[in-house]
Peer 1: 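Structure below; questions to follow.
Every chain is numbered from 1 and lettered A, B, ... according to where its sequence line falls, protein lines coming before strand lines.
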2 protein chains.
Amino acid sequence: MTGPRRARRATVHDVAAAAGVSRGTVNRVLNGGYVSADARTAIEAAIAKVGYVPNRAASMLARQRSQAVGFLALEPHSLLLEDPNIGAIMLGANSALSLADHQMVSLVIDSDRDMQRVGRYLSGGFVDGAIIVSARSHDPIIRLIGEIGLPTTFVGHPPDLARDMPYVGIDNIGSAREITRRLMQTGRTRIGMIAAALDRDSGADRLTGFKEALGDRFDPGLVADVPLYDYTYGVKGMRALLDREPAVDGVFAASDAVAAGALEALREAGRRVPEDVGVVGFDDSSWALRTQPPLSTVHQPAREVGRHAAELVLRQIAGTEPVELSVVLDSPVVWRHSA
Amino acid sequence: MTGPRRARRATVHDVAAAAGVSRGTVNRVLNGGYVSADARTAIEAAIAKVGYVPNRAASMLARQRSQAVGFLALEPHSLLLEDPNIGAIMLGANSALSLADHQMVSLVIDSDRDMQRVGRYLSGGFVDGAIIVSARSHDPIIRLIGEIGLPTTFVGHPPDLARDMPYVGIDNIGSAREITRRLMQTGRTRIGMIAAALDRDSGADRLTGFKEALGDRFDPGLVADVPLYDYTYGVKGMRALLDREPAVDGVFAASDAVAAGALEALREAGRRVPEDVGVVGFDDSSWALRTQPPLSTVHQPAREVGRHAAELVLRQIAGTEPVELSVVLDSPVVWRHSA
DNA sequence: TTGTATGCGTTATCAC
DNA sequence: GTGATAACGCATACAA
């Protein structure tokens with residue numbers, strides 16, 4: 001005897017019956033339309049009385065849209081929810097979607113099985129569009145998005161396979177170049193880099209910018225590369241650098257988390273920052289103000305990135321105006337005390 | 001001329017036509033059932049040919065379920081995605097749901113508007129159940145959950161209004177008591193606490209455990225309380241404590257993030273840890289191993305918490321066996337070098 | 001084993 | 001302004 005777990009829910013039909021009108025009229029007070037004051041009050045009373053709650057599955061089926069947008073962060077799971085940047089992007093996207101009365105749903109991908117299931121979810125009509133962060137060229141999701149033609153915006157450089165899809169991001173190369181130059185201007189002569197996530201465009205671009213700034217003075221022996229934008233890897237990367245070149249007096253870390261780790265490694269090695277070694281980071285995340293000394297870094301307007309991504313998706317969903325293919329936001333250097 | 005934005009998608013009907021069978025048969029190969037080998041191959045070919053992708057809205061409507069479970073973290077947004085614990089709980093919940101072929105969708109609540117919309121989302125049938133983290137008694141979501149009778153599991157003590165709902169958590173009081181005792185055993189005589197988030201059960205319980213351990217020796221003047229489990233508040237709380245009682249020689253911080261902040265404040269005040277002051281935290285999150293020295297803390301099995309929460313929800317959805325009302329997991333003290 | 005008919009709850013398009 | 005009615009695409013019970 002399992003029995004019904006929940007009572008049957010009231011439908012528009014029930015409301016119409018209780019109010020003594022037709023379903024059409026009920027729908028009009030629900031979704032706006034011409035309706036007499038009398039009918040309206042009667043219906044509103046009926047709604048309260050029968051405890052009507054709209055069934056969005058039915059609405060979704062009839063209207064062919066869900067008023068929801070998916071948010072996917074394709075980060076290794078260890079980082080997924082610890083990266084302050086992703087959080088800020090999510091919040092920015094959410095508030096823009098919220099304004100347009102769309103529900104943001106974020107989906108985590110932590111296994112192949114997840115990948116498959118999320119694919120079905122996206123193509124099943126649960127969302128009208130998607131925002132995808134940190135995709136790499138080989139991520140299978142990209143092909144899928146193309147196949148089902150889901151309105152999508154990428155955050156960060158679009159992977160090769162999706163060059164024609166809208167994206168929003170910053171100029172990683174230019175900003176990396178600029179902050180490296182600023183570091184050079186402090187008179188450092190042996191400047192190294194802790195490069196991270198070279199399999200992502202952001203990681204590769206930051207290294208490119210670093211090389212460009214150094215030009216002839218670039219020394220491949222002075223770059224340590226680590227797989228992730230992560231504190232622990234920052235520690236390791238800095239140790240490696242010190243090991244290879246004890247005379248290093250400047251370091252560009254690929255992210256603030258990495259820079260924070262580098263600071264720790266420098267402290268354990270007895271180097272003073274910024275006196276002995278100047279350190280700069282990237283992102284201007286919450287790490288930057290928590291280190292001692294606070295980090296000179298590149299400000300990434302993460303919230304704005306999220307907001308623009310959401311707007312690009314919404315505009316594609318509306319399908320009215322042509323969508324510009326990309327938005328590149330300013331990412332200025334902010335100079336503090338670590339260099 | 002807006003024009004159709006996307007071509008009409010193939011339906012079961014189209015597949016049936018292409019394969020020369022009925023829709024019923026197509027459905028049987030899709031959802032399992034008796035189908036002849038001939039029919040099956042024909043249908044599979046047809047599916048590929050017409051590019052059929054199931055419309056889950058229709059399926060949802062017909063079956064009255066979505067195979068999705070909502071995940072809500074009711075944290076202040078600044079913390080939402082930076083708290084390593086929440087990330088671990090999400091991952092744990094996701095993997096359990098994934099095994100049961102359910103899609104976890106996480107919803108952020110960052111405004112009243114969000115609250116309303118998420119309420120409609122949950123009650124609209126987009127999810128079959130929900131996992132709710134860090135709810136407080138007055139959170140409107142709780143009443144809503146009760147009203148719509150959505151299978152739900154709370155993570156952390158259930159708020160008063162939901163005493164009858166399943167939850168999973170740890171014994172915050174007991175663990176706080178235990179780690180405080182350990183700290184006392186190191187011979188400290190002036191032990192303070194940086195209490196945080198006293199409006200949440202976890203925060204209040206940790207303070208209670210602290211008081212219990214100290215007994216007669218408890219001195220209200222030695223507790224600084226801050227609103228959030230946050231690094232920056234840890235710095236502030238520790239400064240306040242030092243200010244009030246310079247002789248403080250032991251500190252229980254309500255979380256590892258807070259403890260990390262406390263360490264920073266102690267460093268700037270010239271106190272050595274653990275020589276001058278012993279510090280312990282709570283959570284055993286990634287912070288614990290990143291501080292110098294690494295934190296003695298309480299291990300919170302966040303991933304397991306998420307897993308159990310998911311299982312409790314799934315069991316309610318299945319509705320077969322009676323659901324035990326709560327799961328309390330072990331949270332042992334792990335002793336490192338900060339005290 | 002396969003085909004058919006009906007229902008799921010809402011929206012939209014008509015006449016009235 | 002309002003009331004019927006036909007989609008929307010899938011699942012399922014029943015007939016064949």
Peer 1: Does D:dT2 have OP1 or OP2 under 4.0 Å away from a side-chain N or O of A:Ser22?
Peer 2: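 Indeed not, no polar side-chain atom of A:Ser22 lies that close.
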Peer 1: Taking B:Arg136 for its side chain and B:Asp199 for its backbone only, find out whether a donor-acceptor pair lies under 3.5 Å.
Peer 2: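 No; zero donor-acceptor contacts below 3.5 Å.
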Peer 1: Phosphate oxygens OP1/OP2 of C:dT1: is one of them under 4.0 Å from a side-chain N or O of B:Ser36?
Peer 2: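 Negative; the distance criterion is not met.
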Peer 1: How far apart are the closest heavy atoms of B:Val108 and B:Val118, and which atoms are they?
Peer 2: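 The pair with the smallest heavy-atom distance is O-CG2, 4.2 Å.
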Peer 1: When rounded to the nearest 0.5 angstrom, what is the spacing between CG in A:Leu99 and CG in A:Asn94?
Peer 2: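 Taking CG in A:Leu99 and CG in A:Asn94, the distance rounds to 10.5 Å.
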Peer 1: Which whole-number value in Å describes the distance from B:Phe126 CZ to C:dG9 P?
Peer 2: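 Answer to the nearest Å: 15 Å.
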Peer 1: Donor-acceptor pair, distance only, cut-off 3.5 Å: does the side chain of B:Arg307 make one with the backbone of B:Ser95?
Peer 2: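 Such a contact is absent between B:Arg307 side chain and B:Ser95 backbone.
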Peer 1: Name the residue from B:Ile145, B:Val155, B:Leu122, B:Ile131 that meets the side chain to side chain contact (heavy atoms under 4.5 Å, CB included) definition with B:Leu72.
Peer 2: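 One option only clears the test, and that one is B:Leu122.
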Peer 1: Between B:Ser66 (side chain only) and B:Phe126 (backbone N and O only), is there a donor and an acceptor less than 3.5 Å apart?
Peer 2: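 Flag set: sc B:Ser66 to bb B:Phe126 pair under 3.5 Å.
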Peer 1: Starting from the first five and the last five pairs of the helix from C:dT1-D:dA16 to C:dC16-D:dG1, work out the angle between the resulting helix axes, to 10 degrees.
Peer 2: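 That helix has its two terminal axes inclined by roughly 40°.
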Peer 1: Using atom types as modelled and distance alone, determine if a side-chain donor or acceptor of B:Asp128 lies under 3.5 Å from a backbone N or O of B:Gln67.
Peer 2: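 Confirmed, B:Asp128 side chain pairs with B:Gln67 backbone.
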Peer 1: How does protein contact run along nucleotides 6-13 of chain D, one letter per nucleotide 5' to 3', with B for base contact, S for sugar-phosphate only, - for none, heavy atoms under 4.0 Å?
Peer 2: --BBBBB-
Peer 1: Nearest 0.5 Å, please: how far is CZ in B:Arg120 from CG in A:Asp101?
Peer 2: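 Between atom CG of A:Asp101 and atom CZ of B:Arg120 there are 5.5 Å.
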Peer 1: On DNA chain C, check which nucleotide each of B:Ala37 and A:Arg65 is closest to and give me the residue with the more 5' one.
Peer 2: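 Looking at the nearest nucleotide for each, B:Ala37 comes out on the 5' side.
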